[in-house]
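Quick caveat, the model's predicted, so the values are computed rather than measured.
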Amino acid sequence: MRTALALLGAAIVITPAAAAPVTMQLHLTGAAEVPGPGDPDGKGTASVTIDGAKPEVCYTLAVSGIDTATMAHIHKGAKGVAGPPVVTLDAPAEGTSKGCAKAEADVVAAILAKPADYYVNVHNASHPKGALRGQLR
């Protein structure tokens with residue numbers, strides 16, 4: 001019985017606590033878009049929340065000063081580098097969008113491990129490669 005209790009106690013001690021969700025706030029600008037130019041008149045904000053225990057990324061986007069947004073993504077790419085999309089977000093076509101997008105567990109883990117290697121961008125017809133961009137941190 002003592003051995004069973006000791007083992008149970010050891011399991012409780014060595015079981016890691018779940019990490020708290022991480023929320024990142026960022027500014028979106030046309031000047032940050034790579035390859036540029038993005039929309040020089042546009043601006044926006046993004047809030048990105050990631051919980052390592054869930055295969056999703058939750059977000060809120062708000063943009064202004066750009067033509068109607070047609071797409072939004074989280075891309076892999078360090079500051080100044082363009083990269084492929086890894087998470088698709090709802091475009092803020094009316095100026096805002098909010099939701100939780102499905103993401104592969106390895107993508108969630110990679111973003112949490114090194115958020116500065118990822119960015120949010122918003123596309124539109126005038127700027128199909130990206131009107132606004134903001135780097136995660």
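Taking both residues in full, the closest heavy atoms of Ala103 and Val57 are given as CB-CG2, 4.1 Å, listed atom of the first, atom of the second, then distance. Here the closest heavy-atom approach between residue Ala131 and residue Glu33 is recorded as N-OE1, 4.0 Å. Closest of all the heavy-atom pairs between Pro92 and Ala72 is CD-CB, 4.2 Å. What you find for Gly42 and Leu132 is that their closest heavy atoms are C-CD2, 3.5 Å.
Under a hydrophobic-cluster definition in which Ile, Leu, Val, Met, Phe, Trp and Tyr are linked whenever side-chain heavy atoms come within less than 4.5 Å, directly or via other members, Tyr59 and Val22 are assigned to the same cluster. Under the 4.5 Å side-chain heavy-atom criterion for Ile, Leu, Val, Met, Phe, Trp and Tyr, Val87 and Val81 are members of distinct hydrophobic clusters. Val86 and Tyr119 fall into different hydrophobic clusters, defined by Ile, Leu, Val, Met, Phe, Trp and Tyr side-chain heavy atoms under 4.5 Å apart, directly or through other members.
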Please tabulate, for side-chain N and O atoms in residues 45-56, each donor-acceptor pair with protein atoms closer than 3.5 Å (sequence neighbours left out).
from  : atom 1 : to    : atom 2 : distance (Å)
Ser47 : OG     : Gln25 : NE2    : 3.2
Thr49 : OG1    : Thr23 : OG1    : 2.9
Asp51 : OD1    : Ala53 : N      : 2.9

Hey, can you pull the donor-acceptor pairs under 3.5 Å for the side chains in residues 61-69, sequence neighbours left out?
from  : atom 1 : to     : atom 2 : distance (Å)
Asp67 : OD2    : Ser126 : OG     : 2.3

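In this structure, the separation between CG on Leu136 and CD1 on Ile111 is 6.5 Å, given to the nearest 0.5 Å. Expressed to the nearest 0.5 Å, how far CG of Asn121 lies from NE2 of His73 amounts to 7.5 Å. Between atom CG of residue Leu28 and atom CD of residue Gln135 there is a gap of 11.0 Å, rounded to the nearest 0.5 Å. Here Met71 contributes atom CE and Leu89 contributes atom CG; the two are 12.0 Å apart, rounded to the nearest 0.5 Å.
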Steps toward side-chain contact (heavy atoms from CB on, under 4.5 Å) verdict (Lys76, Asp117): CA-CA 6 Å; Lys76 180 165 178 43; Asp117 282 355; 4.1 Å; yes
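Arg133 is not listed as a side-chain neighbour of His75, based on a closest heavy-atom distance of 4.5 Å or more.
Every pair passing disulfide bond (SG atoms under 2.5 Å apart) that includes a residue from residues 63-108 is listed here, sequence neighbours excluded: Cys58-Cys100.
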